[in-house]
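This report refers to the structure that appears directly beneath it.
Since we're looking at a predicted model, the values are computed, not measured. Atoms within a ligand are numbered from 1 in the order they appear, just like the ligands themselves.
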Amino acid sequence: MRTKIVAGNWKMNKNLEETEALLAELAAKLPDTRAEVVVAPTFVNLSTAVNHLENSIIQVAAQNMHFAEDGAFTGEISADMLLNIGVETVILGHSERRSLFGEDDELLSKKVKTALVKDMKIIFCFGEELEDRKSENHFAVVESQLKNALFGLNKADWKQIVLAYEPVWAIGTGETASPEQAQEMHAFIRKTIAAAFDAKIADEVTILYGGSVKPNNAKEIFSKPDVDGGLIGGASLKCNDFMEIVKAI
Ligand code: 13P
């Protein structure tokens with residue numbers, strides 16, 4: 001049985017007071033669930049989140065990190081800094097990091113390696129742009145994103161990896177991939193991993209869908225056999241919406 005996960009990527013939203021208020025509400029309202037629930041506030045509020053959620057099953061993730069151990073990297077955050085404050089999960093490869101901050105497969109592969117060495121859990125994001133889908137190149141793009149960042153891993157590394165398929169055209173646009181499109185891609189991802197590694201790894205890896213998941217579409221998307229949960233942006237900023245999505249798993 002694969003692990004089900006609902007994760008909220010708060011992106012660059014919520015100041016300290018707003019973070020504390022949302023965390024308190026989430027901790028109080030979390031329903032009984034078979035899913036792991038994760039929130040990723042901004043860096044400056046991670047420590048607060050870890051402390052607030054000490055007695056909750058809700059986990060805390062970072063939205064990014066640098067690959068280097070330490071050193072002259074102004075403005076960056078290392079794996080050890082995250083671990084030191086109790087953050088053991090990191091989101092890597094988000095499309096906003098790729099498109100707005102120039103992160104490419106080569107850089108992401110370094111970040112993945114560092115996170116693995118540090119024994120962190122990785123939520124690895126990837127997905128095609130609108131032009132790729134229009135030109136029916138989406139499978140090739142996804143395959144190459146996976147290959148370039150993850151195919152150098154050892155089989156044992158996969159237990160630390162969660163995949164998040166986020167088609168760029170569905171992020172923050174209100175346009176969701178149809179449940180059938182999500183299922184089709186998730187099945188393709190498993191097939192690709194089975195070919196590169198083995199069927200067991202492909203079958204056991206958790207694959208999340210991200211892109212305009214809302215309370216009114218979560219259930220249908222999560223009902224697909226190869227969709228193991230969601231990486232939620234906008235709807236994770238409102239407690240009730242996020243909780244409805246958690247209930248949909
Ligand atoms: P939205 O849910 O706002 O489309 O964002 C998805 C996302 O980017 C999660 O990482």
Side-chain angles (χ1 to χ4, degrees), residues 4-14 18-19 22 26 35-43 45-46 49 58-65 82 87 89-103 108 111-112 115 120-130 132-133 138 141-142 145-146 149 161-179 181-182 185-186 189 206-222 224 227-249:
K4 306 278 182 189
I5 300 176
V6 178
N9 175 9
W10 294 8
K11 308 191 180 183
M12 197 173 73
N13 293 294
K14 305 279 177 196
E18 290 162 348
T19 297
L22 181 52
L26 289 171
E36 286 185 9
V37 179
V38 181
V39 291
T42 182
F43 281 124
N45 292 323
L46 284 176
I58 301 175
Q59 301 169 30
V60 178
Q63 297 174 19
N64 181 30
M65 67 171 212
L82 296 174
V87 176
T89 302
V90 63
I91 298 172
L92 293 177
H94 192 278
S95 72
E96 286 145 22
R97 298 299 318 168
R98 292 174 188 261
S99 68
L100 303 174
F101 301 98
E103 296 199 5
L108 291 168
K111 292 188 178 200
V112 166
M120 296 180 81
K121 181 154 105 185
I122 301 163
I123 300 177
F124 185 79
C125 307
F126 54 93
E128 82 282 1
E129 308 217 7
L130 186 57
D132 303 322
R133 186 157 279 266
H138 45 298
V141 167
V142 162
Q145 288 171 328
L146 290 173
I161 307 270
V162 170
L163 299 176
Y165 168 60
E166 299 203 308
V168 178
W169 48 271
I171 295 178
T173 57
E175 187 164 346
T176 328
S178 69
Q181 285 172 319
M185 184 57 88
H186 284 217
I189 294 162
T206 293
I207 311 179
L208 310 180
Y209 168 79
S212 297
V213 178
K214 307 288 177 200
N216 63 4
N217 60 21
K219 207 168 183 70
E220 212 188 335
I221 296 170
F222 295 166
K224 293 295 173 191
V227 177
D228 306 310
L231 182 56
I232 320 298
S236 72
L237 299 171
K238 291 190 193 130
C239 181
N240 289 345
D241 284 1
F242 192 56
M243 293 293 106
E244 285 306 309
I245 295 171
V246 170
K247 281 184 207 155
I249 201 96

Should G210 be listed as contacting ligand 1, given a heavy-atom distance under 4.0 Å as the test? no

Are any of the heavy atoms in A170 under 4.0 Å away from ligand 1? yes

With the threshold set at under 4.0 angstrom, would you say A235 reaches ligand 1 through any of its heavy atoms? no

Within-4.5 Å side-chain heavy-atom neighbours: N240 and E244: no

Close side-chain approach of M65 to L92, heavy-atom, < 4.5 Å: yes

Hey, does K14 have a side-chain heavy atom less than 4.5 Å from the side chain of N45? no

Within the structure, does I171 bring an N/O atom to less than 3.5 angstrom of an N/O atom in ligand 1? no

Can you sort out which atoms of ligand 1 are near S212, meaning under 4.0 Å from one of its heavy atoms? 1 (P), 2 (O), 4 (O)

For atom 3 (O) of ligand 1, the protein heavy atom that lies nearest, with its residue and separation: G234 N, 2.8 Å

Could you identify the single nearest non-hydrogen protein atom to atom 2 (O) of ligand 1 and state the distance to 0.1 Å? G233 N, 2.9 Å

Set out, in order, the CA-CA distance, both residues' side-chain angles and the distance that settles salt bridge (charged side-chain N to carboxylate O under 4.0 Å, His left out) for K121 and E36, then state yes or no. CA-CA 13 Å; K121 181 154 105 185; E36 286 185 9; 2.7 Å; yes

Using a 3.5 Å cut-off on N or O atoms only, is G211 in polar contact with ligand 1? no

What atoms of ligand 1 come closer than 4.0 angstrom to any heavy atom of G172? 1 (P), 3 (O), 4 (O)

The test is side-chain contact (heavy atoms from CB on, under 4.5 Å); show your working for I189 and M185 and say whether it passes. CA-CA 6 Å; I189 294 162; M185 184 57 88; 4.0 Å; yes

Answer yes if the side chains of H94 and Q63 hold a donor-acceptor pair under 3.5 Å, and no otherwise. no

State if K214 counts as touching ligand 1 under the rule of any non-hydrogen atom under 4.0 Å. no

How far is atom 9 (C) of ligand 1 from its nearest protein heavy atom, and which residue and atom is that? E166 OE2, 2.9 Å

Within-4.5 Å side-chain heavy-atom neighbours: V39 and F242: yes

Parallel, tilted or perpendicular: which one describes the rings of H186 and Y165, with boundaries at 30° and 60°? perpendicular

Based purely on interatomic distance, does K11 place a nitrogen or oxygen under 3.5 Å from a nitrogen or oxygen of ligand 1? yes

Exceeds 12 heavy-atom contacts within 6.0 angstrom, atom CD of E220: no

Look only at interatomic distance and state if H94 has a nitrogen or oxygen under 3.5 Å from any nitrogen or oxygen of ligand 1. yes

